[in-house]
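Since the structure comes first, as structure tokens, the remarks are kept for the end.
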Amino acid sequence: MVKNLRRVSYGLIGFFCFFGVHLKVMALPDSTCPKDTQELTNLLLQDLPNYANRVLHRSKTTDLASFVQTYVIVSGQGETQPLPLRQSPSQYQAIFDETQPQIFFTTFERQYSNNKLVRFHNYNWLLLAPTEKGWRLIMSFSQLASLEPTQPNDPPLPPIDTTNGVIGQAVKLWLRDCEAGTLRKNRN
């Protein structure tokens with residue numbers, strides 16, 4: 001079997017070399033994503049719930065005792081007005097440039113566990129970087145905004161780094177697909 005496959009592959013290579021068959025290699029464009037931060041934000045937030053739900057679905061465990069179904073229902077309208085990243089005067093050197101693109105948005109999510117429905121909102125903050133090959137996610141932070149039903153006098157929770165969490169992974173996947181030009185073209 002292996003000898004036959006080897007013979008066939010050598011035969012095909014010889015055939016292509018003998019008859020001069022040349023295969024064209026098509027180069028991908030440098031970037032197919034919008035350069036404008038606001039346009040990028042609008043496109044990203046349209047698709048983000050779908051990408052986040054795919055990440056959630058792929059990461060589900062097989063342990064049914066701790067199984068919690070979580071779904072990102074919708075992402076809110078994005079805000080691109082950046083926050084100042086450095087306080088002056090400061091004894092520390094800034095990690096990010098003041099002009100670093102930032103996106104702020106909310107997500108509305110649902111969890112189903114033990115026949116109970118829990119609804120919650122999350123605030124999200126993305127730091128992006130335009131590179132020669134397109135946009136890249138630098139960091140992602142999320143903060144639980146509210147649970148439904150809410151408890152009176154509950155202090156807000158601190159933001160957490162979600163760069164490798166569901167939202168961060170969903171944004172990375174979306175940026176990858178955007179750069180590859182594989183996003184759906186017809187949008188509402």
Side-chain angles (χ1 to χ4, degrees), residues 28 31-34 37-80 82-83 85 95-96 100-131 133-151 154-188:
L28 291 175
S31 176
T32 59
C33 279
T37 309
Q38 188 62 49
E39 186 179 349
L40 179 84
T41 301
N42 293 339
L43 293 175
L44 169 66
L45 295 181
Q46 284 179 7
D47 292 336
L48 189 64
N50 293 331
Y51 276 80
N53 288 330
R54 286 183 212 147
V55 170
L56 284 164
H57 181 71
R58 290 176 186 155
S59 66
K60 288 184 179 174
T61 63
T62 57
D63 181 15
L64 295 178
S66 64
F67 185 67
V68 176
Q69 292 177 310
T70 304
Y71 298 96
V72 177
I73 304 301
V74 70
S75 56
Q77 185 174 359
E79 175 64 45
T80 57
L83 288 176
L85 297 176
I95 297 174
F96 302 115
Q100 200 69 47
Q102 301 173 37
I103 300 173
F104 302 92
F105 62 95
T106 59
T107 54
F108 179 68
E109 303 175 30
R110 288 185 185 162
Q111 278 187 350
Y112 301 95
S113 177
N114 297 330
N115 296 329
K116 291 183 182 180
L117 169 65
V118 178
R119 297 181 189 109
F120 55 96
H121 295 89
N122 275 322
Y123 296 124
N124 298 280
W125 178 26
L126 304 177
L127 291 157
L128 300 174
T131 66
K133 295 184 179 182
W135 292 96
R136 296 292 174 256
L137 176 67
I138 298 174
M139 293 188 87
S140 170
F141 294 99
S142 296
Q143 179 182 14
L144 183 64
S146 67
L147 287 169
E148 291 181 12
T150 59
Q151 302 297 323
D154 278 349
L157 297 172
I160 57 171
D161 182 358
T162 55
T163 306
N164 294 318
V166 172
I167 295 297
Q169 289 180 22
V171 169
K172 289 176 190 175
L173 289 172
W174 186 89
L175 290 172
R176 181 201 65 191
D177 290 350
C178 184
E179 296 303 327
T182 60
L183 296 178
R184 58 189 163 95
K185 301 294 181 194
N186 298 332
R187 298 187 180 268
N188 299 351

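Start at 1 with the first residue, then count along the sequence.
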Task: Residue pair T107 / S75, side-chain donor-acceptor N/O under 3.5 Å - done: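 Judged by distance alone, the side chains do not pair up.
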Task: Partners passing side chain to side chain donor-acceptor pair (under 3.5 Å) against T41 (at least two apart in sequence or in another chain) - done: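 Checked T41 against side chain to side chain donor-acceptor pair (under 3.5 Å); zero matches.
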Find out whether [X] and [Y] are in side-chain contact, i.e. whether some heavy atom of one side chain is under 4.5 Å from a heavy atom of the other.
| X | Y | answer |
| --- | --- | --- |
| L43 | P34 | yes |
| R176 | R136 | no |
| L126 | L137 | yes |

Closest non-hydrogen atom pair between [X] and [Y], with its separation:
| X | Y | answer |
| --- | --- | --- |
| L117 | R119 | CD2-NH2, 3.4 Å |
| L40 | C33 | CD1-CB, 4.2 Å |
| I73 | P49 | O-CB, 4.0 Å |

- [ ] Determine the interplanar angle of the F104 and W125 rings, folded into 0 to 90°, and report it as parallel if under 30°, tilted if 30 to 60°, perpendicular if over 60°.
- [x]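 Taking W125 first and then F104, their aromatic rings lie parallel (interplane angle under 30°).
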Measure the spacing between [atom1] of [X] and [atom2] of [Y] and express it to the nearest 0.5 Å.
| X | Y | atom1 | atom2 | value |
| --- | --- | --- | --- | --- |
| E179 | T131 | CD | OG1 | 7.0 Å |
| S142 | Y123 | OG | OH | 12.5 Å |
| Q38 | T80 | CD | OG1 | 4.0 Å |

Task: Test side chain to side chain donor-acceptor pair (under 3.5 Å) applied to E109 and N122, step by step - done: CA-CA 8 Å; E109 303 175 30; N122 275 322; 3.0 Å; yes
Open item on the list: Go through it in stages, so that I can follow the logic: the residues are L48 and F105, the test is side-chain contact (heavy atoms from CB on, under 4.5 Å), and I'd like the CA-CA distance, side-chain angles, deciding distance and then a yes or no.
Closed with: CA-CA 11 Å; L48 189 64; F105 62 95; 3.4 Å; yes
Open item on the list: Please check: side-chain N/O of T182 versus main-chain N/O of D177, any donor-acceptor pairing under 3.5 Å?
Closed with: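 It does hold such a pair.
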